[in-house]
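Working notes for the structure below.
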There are 2 protein chains.
Amino acid sequence: MVSKTMPDKPLGTQAAKSERTRQSILESANEIAQNEGVGNLTLARVAANAGISKGGLLHHFGSKQELIIGLLTETLDQADSDLNRLADANDRTSGAFAQAYLDFVRTSQHTNGTATGVFAAAALEDGDLTPARAMFDRWQHRLVAEDNIDQDIAMLARVVGDGLWLIDLFDLAPPSEAQRQRLFEFIEAQL
Amino acid sequence: MVSKTMPDKPLGTQAAKSERTRQSILESANEIAQNEGVGNLTLARVAANAGISKGGLLHHFGSKQELIIGLLTETLDQADSDLNRLADANDRTSGAFAQAYLDFVRTSQHTNGTATGVFAAAALEDGDLTPARAMFDRWQHRLVAEDNIDQDIAMLARVVGDGLWLIDLFDLAPPSEAQRQRLFEFIEAQL
DNA sequence: GGGATAAAACCGTCCAGCTGGTAGGTTTTT
DNA sequence: AAAAACCTACCAGCTGGACGGTTTTATCCC
């Protein structure tokens, strides 16, 4: 859902409107992939869902592959900025990013639709996972080499984070709230 | 790769040959999904890859969805039997299944193609993740309630296992061998 | 045993429907 | 006036699957 509030900055300009359209396309695509599966992610449906024509869509994304790549990078950037925000939010001198990594999973537990379709789309259709790999590389490096904590604990935090993320993503026998809580506590105690 | 050794039991019968064909279809489908992405998993290609006609394929799997479901359950059953074998292999009186869970990830690290496409296919196309959820539920229950170890440690083993599995699956900045090794040691020390 | 019969395993052809993408317009903003 | 943001046909190609064959295997009966 795109914000339908009044303009505030350089809004109302052509470029700004275009950007909003682009966003709504991305959101529509994400929505469809998430709710109906990547197999049903067609240009026509995305366009319809975004309230524009297919031609209009193709004006913004020259091909389906471009759309998928756009979707992937959008999600990654979003996650990265969330992580940075979370890392800044806690005032740890060590383990700030590890803490953020866990917080991210914790908070995105039920909002995780963001990545649901996207990730899979990029992984399986014709997309290219390179940007995702690059991003995970950065996170990994930041955890292990720049977070001022024990390397092994950093690794643990990351793997647990990824595991929970996967579990939540596909709803694969997710742990109870209590179990999840204790799991977080256990790891955070070691940061 | 289906065993091409000599007959041993009721082999050579019609039913046995049919079963072999079925298997080769499943293997072909898995191969394609893994190497070329689920988006390229078409009946024609699977048939060609399996060396039969599309009509023949549809004799074994009435629809594409049936094929995908077959692929999913096949993989799950395979994993389940591997887990059981691994659990029997170690002679722990407690934590046998948790140990097996970790061993599974460890050993399937580079053979993981088995699940690569399958899982995603079921998750995203038109498939139904229910069988996967059921299986993970069983594993989860067995870990937490029947493995005679601390519940929280069981949970930890599972989440770490799933995390590594995801990381290996998509090759997302996988940890080094040494890191991986220490991670396993850390958890196994607590079983 | 061996023909008759049926069922299972498989093949080749055809087609309606959808998909991504093109080409050429129109409107809107700069 | 020109560029950007859109839209409306339109189409070639592929896809799943239906359909009616044909061949192979199993079963029955004599």
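Residue numbering restarts at 1 for every chain, and letters A, B, ... go by the order of the sequence lines.
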Within this structure, what is the [atom1]-to-[atom2] distance between [X] and [N], rounded to whole angstrom?
{"X": "B:N40", "N": "D:dT15", "atom1": "CG", "atom2": "C1'", "result": "12 Å"}
{"X": "A:L43", "N": "D:dC10", "atom1": "CG", "atom2": "P", "result": "20 Å"}
{"X": "B:L67", "N": "D:dT15", "atom1": "CG", "atom2": "P", "result": "14 Å"}
{"X": "B:I32", "N": "D:dT15", "atom1": "CD1", "atom2": "P", "result": "11 Å"}
{"X": "A:F61", "N": "C:dT22", "atom1": "CZ", "atom2": "C1'", "result": "19 Å"}
{"X": "A:E19", "N": "C:dT29", "atom1": "CD", "atom2": "P", "result": "17 Å"}
{"X": "A:R20", "N": "D:dA5", "atom1": "CZ", "atom2": "C1'", "result": "13 Å"}
{"X": "A:I25", "N": "D:dA5", "atom1": "CD1", "atom2": "P", "result": "11 Å"}

Problem - Nearest listed nucleotide, side chain of A:S53, among C:dT22, D:dC7, D:dG16 - result: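 Nearest to the side chain of A:S53 among the choices is D:dC7.
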Exercise for the section: Choose from C:dG20, D:dG17, C:dG21 the nucleotide whose nearest atom is closest to any side-chain atom of B:L58. Expected result: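 Given the options C:dG20, D:dG17, C:dG21, the side chain of B:L58 is closest to D:dG17.
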I want to check one thing: is the phosphate of [N], taken as OP1 and OP2, less than 4.0 Å away from some side-chain N or O of [X]?
{"X": "B:T21", "N": "C:dC10", "result": "yes"}
{"X": "A:H59", "N": "D:dC6", "result": "no"}
{"X": "B:H60", "N": "C:dA8", "result": "no"}

Handout entry: Reported OG1-to-CG distance for the pair B:T93 and B:D147, which is rounded to 0.5 angstrom
Key =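 Rounded to the nearest 0.5 Å, the OG1-CG separation comes out at 10.0 Å.
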Exercise for the section: Indicate, yes or no, whether a donor-acceptor pair under 3.5 Å links the base of C:dG12 to the side chain of B:K54. Expected result: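 Absent.
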Practice task
Look at the side chain of A:K64 and the base of C:dG21, then say whether one donor and one acceptor between them are separated by less than 3.5 Å.
Solution key: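 Between C:dG21 and A:K64, which were checked side chain against base, a qualifying N/O pair under 3.5 Å is absent.
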Handout entry: pair A:L76-A:P131: side-chain heavy atoms closer than 4.5 Å
Key =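 Of all side-chain heavy-atom pairs linking A:P131 with A:L76, at least one is under 4.5 Å.
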Handout entry: Any side-chain heavy-atom pair of B:E36 and B:E31 under 4.5 Å
Key =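 They are not in contact (no side-chain heavy atoms under 4.5 Å apart), so the answer is no.
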Practice task
Measure up the B:Y101 and B:F97 rings against each other and bin them: parallel (under 30°), tilted (30 to 60°), perpendicular (over 60°).
Solution key: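 Taking B:F97 first and then B:Y101, their aromatic rings sit tilted (interplane angle of 30° to 60°).
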Exercise for the section: Mind checking B:I52 for me? I need base, sugar-phosphate or nothing, with any heavy atom below 4.0 Å counting as a touch. Expected result: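 Result for B:I52 = sugar-phosphate.
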Problem - 5' precedence on DNA chain C between A:G55 and A:A44 (nearest-nucleotide basis) - result: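 First, find each residue's nearest nucleotide; the 5'-ward one identifies A:A44.
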May I have the list of side-chain donor-acceptor pairs in residues 184-191 of chain A shorter than 3.5 Å, sequence neighbours left out?
from, atom 1, to, atom 2, distance (Å)
A:E185, OE2, A:Q181, NE2, 3.0
A:E188, OE2, A:Q99, NE2, 3.0
A:E188, OE2, A:R106, NH2, 2.5

